[in-house]
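Read the structure below first, then the notes.
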Amino acid sequence: SVFQKLISREPRESENEKVFIMGKNLDWEAKLKAKKYHIETNDMDYFAKKYDVKAVPQLIIINDDKILYAGGYSSIRSPSSREIEDEKIISESLKLKKENSIERPIFGCVTGRAERKLIDPFHLKYK
């Protein structure tokens, strides 16, 4: 999982890595803080509005207030932690400094209410 991958390494010192947690997960917060990650917690709608997050888990790379990358962590669904390409994507995005020069699909759950309403207008999955 992405969480396991993050706690298996240290945050990159040259970047200000921040982990956003939707909802409350005190165990995750404690483990990530112990590794010296910066943490921000809030609800799904907040992150959907602030960062245009449509699904999670999602990697977002921001440099000079410009989103360089917003996408998945891997090319495959349900990757093991060794197949999560976060460090590679971060390095390449910062080197290229071009928006969306790297693409990875997002395999995950839909976030905000507006997105849930679009994919589930009859409230069959999301109440």
NZ of K95 to CG of L68: how many Å apart, nearest 0.5 Å? 13.5 Å
Distance-minimising heavy-atom pair for G72 and I89: O-CD1, 3.7 Å
Same cluster or not: are I84 and L94 linked, directly or through other Ile, Leu, Val, Met, Phe, Trp or Tyr residues, by side-chain heavy atoms under 4.5 angstrom apart? yes
Following the transitive rule for hydrophobic clusters with a side-chain heavy-atom cut-off under 4.5 Å over Ile, Leu, Val, Met, Phe, Trp and Tyr, establish whether I60 and Y46 coincide in one cluster. yes
Applying salt bridge (Lys or Arg N to Asp or Glu O under 4.0 Å), run through R9 and E17 and close with a yes or a no. CA-CA 12 Å; R9 68 173 180 85; E17 265 189 278; 2.7 Å; yes
Find out if a path of hydrophobic residues (ILVMFWY) with successive side-chain heavy-atom gaps under 4.5 Å connects F47 to V56. yes
I want to check something: taking the side chain as every heavy atom from C-beta on, are Y69 and E92 in contact at a cut-off of under 4.5 Å? no
side-chain contact (heavy atoms from CB on, under 4.5 Å) between V2 and D86: does it pass, once the steps are laid out? CA-CA 9 Å; V2 172; D86 58 330; over 6 Å; no
Below 4.5 Å, heavy atoms only, C-beta onward: do R12 and S91 meet side chain to side chain? yes
Are V53 and M22 side-chain neighbours, meaning at least one heavy-atom pair lies under 4.5 Å? yes
I'd like to know whether K31 forms a side-chain contact (heavy atoms from CB on, under 4.5 Å) with F3, so could you lay out the CA-CA distance, the side-chain angles of the two residues, the decisive distance to 0.1 Å, and finally the verdict. CA-CA 10 Å; K31 288 178 180 176; F3 172 73; 3.9 Å; yes
With side chains defined as the heavy atoms from C-beta onward, is the minimum distance between K50 and F20 less than 4.5 Å? no
Test of understanding: clusters of I, L, V, M, F, W, Y form through side-chain heavy atoms closer than 4.5 Å, transitively. Do W28 and Y37 belong to the same one? yes
With rounding to the nearest 0.5 Å, note down the distance linking CG in D65 to CD1 in I67. 10.0 Å
Measuring from atom CD1 of I102 to atom CD1 of I61, what distance do you get when rounded to the nearest 0.5 angstrom? 6.5 Å
Would you say I39 ends up clustered with Y51 if hydrophobic residues are merged whenever their side chains have heavy atoms under 4.5 Å apart, either directly or through other cluster members? no
Does any non-hydrogen side-chain atom of L32 lie less than 4.5 Å from one of I21? yes
Which value, rounded to the nearest 0.5 Å, describes the distance between E83 atom CD and E85 atom CD? 9.0 Å
Taking salt bridge (Lys or Arg N to Asp or Glu O under 4.0 Å) as the definition, give me every residue that meets it alongside K97, ordered by chain and number, with sequence neighbours left out. none
Could you state the interatomic distance from CG (N42) to NZ (K49), rounded to the nearest 0.5 Å? 11.0 Å
Going by side-chain heavy atoms closer than 4.5 Å, which hydrophobic residues are tied to I76, directly or by a chain of links? none
Any chance NZ of K35 has more than 12 other-residue heavy atoms, nucleotides or ligands included, within less than 6.0 Å? yes
